[in-house]
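Working notes, beginning with the structure itself.
All values below come from the heavy atoms of this structure, side chains included, with hydrogens, waters and symmetry mates left out. What you are looking at is a predicted structure, and each value in this text was computed from that prediction instead of being measured. Atoms within a ligand are numbered from 1 in the order they appear, just like the ligands themselves.
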Amino acid sequence: MRSHTEQAALPESEGSLRATLYIIATPIGNLEDMTYRAVRILGEVDLIAAEDTRHSLKLLSHFGISKSMTSYFDHNQQFKGERILHALRQGKSVALISDAGTPCVSDPGYQLVRDAVAEGINVVPIPGACAAVTALAASGMPSDTFTFAGFPPSRQGKRRTFLAGIRSLPGTLILYEAPHRLLDTLTDIRDVLGERQLIVARELTKMYEEYIRGSASEVIAAISHGPIRGEIVLLIAPGEPTQQESEPLEDILERLLADGSLSVKDAAKKASEIAGISRSEAYSEALRVKIAKSSSSEREI
Ligand code: SAM
């Protein structure tokens, strides 16, 4: 018999698991971070949808859970999502798990949840590990306001544009990054956001958990000695917006083109570095500014 208090803490009694989609967080490296509730519900649902069934089978067997499984990942989510919704419409309960951490956070799940909600299907999150929040908790950076922006684009031009887009956001910025791109991304962060305080939080909850803290240049120097391995969360402290950072692109270009000493191409190159945007974007704006400048000086004559 459960006590009254336990029943209050465990709202899903037998039978109420029907027609519910559970979004279940799993550990990000340390199996002790699995929650009691996650184990219980995974053992009770009719079907488990996993990003990688073979990977999740190891986790489930560790906790003695044996269940029907189906895969649900980026490239089959439309077709599999429909099958999962079909099971839910028939009154079945389904648990969604990803390889690690919280589904829907840089992991598949959002579309399934969106569609389930649209159909009025009960969706219940089972909270647990999430690398972004875990890193923030140990960061010592402001946590009242923060932005999680996922993985930056892998190509430099798009990455710089992406960084320029989040540069002026208030609070701590949190990114995920692959180890082989870390140095390039840190270099772009220094160029586009300036010398902010950074943390590379590596292998959280695992044996080689590590935090590399310092200014952008210090962190770049620290990781330049050898290859960085493992899983990484990157935290960026809020910056004081400098006058240059908050200057609109048009004003930057007008300033650079004012005395006629720079060509449109050179002004665009400089402006792209200042504003942290692609050269092609800066070039089309520079052309527009130059044409506007020439026609206004013609009118003055
Ligand atoms: N859904 C997961 C979550 O809730 O954090 C994230 C999944 S995403 C595909 C995987 C990325 O999360 C990794 O590339 C890394 O950036 C970050 N990550 C996951 N586990 C981590 C860990 N133990 N330490 C540091 N970063 C981790």
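Evaluation of the side-chain hydrogen bond (donor to acceptor under 3.5 Å, both in side chains) rule for Glu51 yields no partner, not counting sequence neighbours. For Phe148, the ring pair (Phe, Tyr, Trp, His ring centres under 6.0 Å) criterion is met by Tyr176, not counting sequence neighbours.
Side-chain contact annotation: Arg190 with Ser217, donor-acceptor N/O pair under 3.5 Å present.
Applying the side-chain hydrogen bond (donor to acceptor under 3.5 Å, both in side chains) definition to pairs two or more places apart or across chains, those involving residues 65-82 are Thr70-Lys80, Ser71-Asn76, Ser71-Lys80, Tyr72-Gln77, Asp74-Gln77, Glu82-Arg89.
When heavy-atom distances to ligand 1 are checked against 4.0 Å, the residues falling inside are Ile28, Ala100, Gly101, Thr102, Val105, Ser106, Asp107, Cys130, Ala131, Phe151, Tyr176, Glu177, Ala201, Glu203, Leu204, Lys206, Glu231, Ile232, Val233, ordered by chain and number.
A cation-pi arrangement, defined by a distance under 6.0 Å to the six-membered ring centre and an angle within 45 degrees of its axis, is absent between Arg160 and Phe162.
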Pair Ile84-Lys92, side-chain contact (heavy atoms from CB on, under 4.5 Å): steps then yes or no: CA-CA 9 Å; Ile84 293 167; Lys92 299 223 159 67; over 6 Å; no
